[in-house]
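Quick note: numbers below take in every heavy atom, side chains included, and nothing from hydrogens, waters or symmetry partners. Counting starts at 1 for both ligands and their atoms, following the listed order.
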Amino acid sequence: MLILDTTLRDGEQTPGLSLTPEKKLMIARKLDEVGVNIIEAGSACTSAGERAAIKVIANEGLKAEIASFARILPADVQAALDADVNRVCLVAPASDLHISQKLKKTREQVLELTAKCIELAKSGGAKTELLAEDGSRTATGELLVHFSNGISAGADRVCVCDTVGVLNPEATSEMFTALVKKLKVPVAFHGHNDFGLAVANSLAAYRAGAGELHCTVNGLGERAGNAPLEEIALVLNYFYGVKTIELTKLYELSRLVETLTGIRSGNNKPLVGANAFTHESGIHVDGILKCASTYEPVSPEMIGRVRRFSFGKHSGRQGLKLRAKELGVELNEEQLAKVAEKVKELGDKGREVSDAELQVILMDVLGSPNKPRIRLDEMVAVTGSSVVPTASVKVTMNDITYTMSGTGDGPVDAALNAIEAIVGNKGISLSEYAVDAITGGSDALVHVRVKLKMGDKEVSSASAGTDIVVTSVQAVLKGINLLI
Ligand SMILES: [Zn+2]
């Protein structure tokens with residue numbers, strides 16, 4: 001099974017995308033490295049710059065065949081030849097709709113021009129793949145005439161384009177069975193994903209005897225895109241044992257294209273999306289830890305990825321325990337319960353907990369005394385543009401409950417003043433106060449670090465949370481616990 005990658009031509013037709021020659025070359029090298037058979041490097045007729053970019057790729061000494069797209073215009077074919085490609089992908093409209101409405105020509109004129117262009121490519125030393133544009137909306141009899149005409153002129157491969165993605169697997173199968181039986185050259189399929197059927201149709205084409213499949217990395221392309229290379233390669237291997245390209249480099253290739261095009265794949269995109277091998281729910285993580293295939297169709301390593309556990313409101317304790325261990329911390333059951341509670345607290349706010357945040361939570365939990373002598377029961381802070389920031393706190397210290405309020409230069413200062421008023425007679429003072437936001441955004445997890453002094457004794461403590469006022473009070477109370 002041959003793979004033609006058209007990321008650099010059809011993929012580049014993704015709205016808003018334009019690749020510089022340097023980027024095109026980087027992608028072409030990677031496509032060659034993973035073992036794509038044909039790289040459609042662009043459309044030489046587009047501009048002098050595009051022609052130059054294709055020429056550089058064509059002269060790079062890659063193993064893959066390098067192709068340029070061309071319409072049935074001798075000037076287009078000449079531009080492809082000038083770019084030194086060894087293959088021309090000649091696209092000729094095949095449906096009545098495209099021939100009459102777009103081209104405003106007759107079928108006979110199209111056949112004549114097609115033959116002329118193929119002969120020109122041949123005389124210039126390039127092979128031709130003849131593409132039937134809108135082939136999926138063309139009667140099979142017409143397609144046979146279209147292709148036979150091209151093959152007589154010298155085309156050594158032909159291709160049905162499902163230009164607007166309207167085929168279904170049954171129709172694809174029927175069409176390919178008929179074409180493959182009658183034609184003596186490999187028949188390719190070029191699928192678009194308008195109905196989400198590009199991969200299913202490509203598989204149907206393969207089952208019915210197609211010899212080549214067209215695709216793009218990450219499924220880039222116009223509208224809903226083309227058949228994604230990574231899915232085609234993996235499903236051919238998974239269901240039919242067909243080897244095409246080097247699967248273990250697929251993720252690397254996908255990332256490179258994402259980085260260079262700036263077009264992000266959706267998180268839930270099969271195989272290469274951020275969540276494709278990420279597990280959050282406790283039940284799944286527990287299953288994965290016992291046996292990975294419980295909740296994964298294939299191992300992430302198969303396409304060069306690694307499994308990821310994410311932590312949020314569905315997190316279970318086993319996954320957290322394992323991640324903490326990977327971060328260097330062995331948690332006992334009591335500590336694990338506290339960590340899980342904090343993670344769920346963040347998760348309930350619709351957040352995914354990052355490693356940096358988990359580290360802060362671990363630090364927070366590990367630094368907490370088991371039986372605090374002073375603890376926060378309640379707290380209210382009021383602030384605004386024309387009020388004096390005020391805070392009321394209720395704390396229990398040595399089994400006695402104290403309520404106190406304070407004012408200050410903001411809600412944190414007010415709350416800390418109220419705490420100070422409660423413990424004031426113990427001579428405790430705040431000597432240092434610092435806040436770090438662990439993640440961006442107004443819902444960031446904050447890490448508050450404080451230093452407290454009592455006489456000549458000084459302690460540091462810290463706390464993490466999403467509410468800066470409460471977290472500050474917790475950090476101070478934690479320090480007080482170390483002092484009294
Ligand atoms: Zn296309």
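- Remark: K249 does not engage E246 in a salt bridge, criterion side-chain N to carboxylate O under 4.0 Å.
- Salt-bridge formation is detected for the pair D286/K290: a Lys NZ or Arg NE/NH1/NH2 atom is positioned less than 4.0 Å from an Asp or Glu carboxylate oxygen.
- For the pair R305 and Y251, the cation sits on the ring face: its NZ or CZ lies under 6.0 Å from the ring centre, inside 45° of the axis.
- Results of the salt bridge (charged side-chain N to carboxylate O under 4.0 Å, His left out) test with D96 over R107, K102, K105 single out R107 as the only residue that passes.
- For the pair R9 and F69, the cation-pi criterion (under 6.0 Å, within 45° of the ring axis) is fulfilled.
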Output side-chain donor-acceptor pairs under 3.5 Å for residues 203-213, partner residues at least two apart or in another chain, one line each.
unit_1 : atom_1 : unit_2 : atom_2 : d
E212   : OE1    : R157   : NH1    : 3.3
E212   : OE2    : H214   : NE2    : 3.0

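- Looking only at protein N/O/S atoms, the ones less than 2.8 Å from the Zn ion (ligand 1) make 3 in total.
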